[in-house]
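One-based numbering, in listed order, for ligands and for the atoms of each.
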Amino acid sequence: MEDLVLIGGGGHCKSIIDSLNDISEFNIIGILDTKENVGKIINGIKIIAEDKELEEYFKRGVKNAFVTIGGVGDNSLRIKLYQLTKKIGYQFPTIIDPTAIVSRTVKIGEGTFIGKGSIINTNVTIGSNCIINTGTIIEHDSKIEANCHIAPGATLSGAVRIGENSHIGTNSTVIQNISIGSNTVIGAGSVVVKDIDSNEKAFGNPCRAVKT
Ligand code: JB2
């Protein structure tokens with residue numbers, strides 16, 4: 001089994017560890033978090049160091065890393081840590097919980113997590129460093145760009161397009177053929193029936209952008 005280091009030891013990390021335990025493909029050497037959390041145990045895995053030790057672990061032969069920070073509504077730390085880790089040279093696996101149903105035609109980028117009970121239908125493309133969280137449904141021909149978070153229970157009907165760095169709130173529904181831009185947040189429980197531009201915050205039924 002190859003060694004893997006996790007980055008961020010909060011709630012999202014617990015979900016990833018649980019899936020990794022069921023997959024048994026990696027030896028998790030530990031978690032990196034902030035100084036005050038070093039020494040804590042998260043789902044049986046120790047927080048061993050701060051992010052500044054990433055280079056040292058790479059030199060010692062750890063070649064796989066995974067960003068385990070969720071960052072609800074603000075992906076910036078997650079993206080920063082992914083880029084920093086990639087620059088050092090780490091590889092990022094794709095982690096698919098064994099309870100997810102994923103068509104063999106789906107393309108999934110590195111560093112992306114597919115959570116428990118998700119269903120991903122044919123011809124879907126998902127970019128790198130995404131979270132496809134518990135119980136989501138991603139229907140046929142949808143395209144999700146890098147660094148997106150599709151929160152628990154959200155449904156994307158057929159051929160939905162989501163631009164990079166966007167967040168689709170928990171239990172939201174996006175009807176077929178809708179485009180949602182980049183850096184956009186869709187609030188929890190929204191029903192999206194019209195396209196939503198980039199750099200928007202939008203919510204409700206029907207989902208509308210909030211004017212700021
Ligand atoms: O710079 C950092 C840093 N800043 C905060 N580097 C590293 N390596 N870790 C950092 N952290 C750590 O991220 C915090 O000390 C904390 O341990 C963790 C964030 O944990 P939290 O539970 O607050 O959030 P999360 O992102 O793991 O989970 C959120 O998103 C998930 C998708 C939660 O809202 C969950 O409920 C949700 N399921």
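- Protein heavy atom closest to atom 33 (C) of ligand 1, with residue, atom name and distance, is V72 CG2, 4.4 Å.
- Residue contacts with ligand 1 for D51 involve side-chain atoms from C-beta outward but no N, CA, C or O (heavy atoms, distance under 4.0 Å).
- Counting only distance, with no hydrogens or angles, the side chain of T85 and the backbone of L81 share a donor-acceptor pair below 3.5 Å.
- Residue contacts with ligand 1: K14 is excluded, as none of its non-hydrogen atoms falls under 4.0 Å.
- Side chain of S190 to main chain of G204: a donor-acceptor pair is present (N/O by atom type, distance under 3.5 Å, no hydrogens or angles).
- Judged by distance alone, the side chain of T34 and the main-chain N or O of E50 form no donor-acceptor pair under 3.5 Å.
- At under 3.5 Å, not a single nitrogen or oxygen of N133, backbone or side chain, sits near a nitrogen or oxygen of ligand 1.
- Using a cut-off of 4.0 Å between Lys/Arg side-chain N and Asp/Glu carboxylate O, D3 and R60 are scored as not salt-bridged.
- Listed by chain and number, the hydrophobic cluster partners of I31 are L4, L6, I16, I17, L20, I23, F26, I28, V38, I42, I45, I47, F66, I95, F113, I131, where partners are ILVMFWY side chains within reach of under 4.5 Å, directly or through others.
- Contact annotation: for I131 versus ligand 1, there are no heavy atoms closer than 4.0 Å.
- For ligand 1, the polar-atom distance check finds no N/O of L77 at less than 3.5 Å from any of the ligand's N/O atoms.
- One finds no salt bridge joining E145 and R161 here, because no Lys/Arg side-chain nitrogen approaches an Asp/Glu carboxylate oxygen to under 4.0 Å.
- Contact annotation: for E50 versus ligand 1, there are no heavy atoms closer than 4.0 Å.
- Where the criterion is an N or O separation shorter than 3.5 Å, residue side chain and backbone included, L32 meets it with respect to ligand 1.
- Donor-acceptor pairing under 3.5 Å is recorded for the side chains of R78 and N129.
- Under the 4.0 Å distance rule, the nearest protein heavy atom to atom 36 (O) of ligand 1 falls outside the cut-off.
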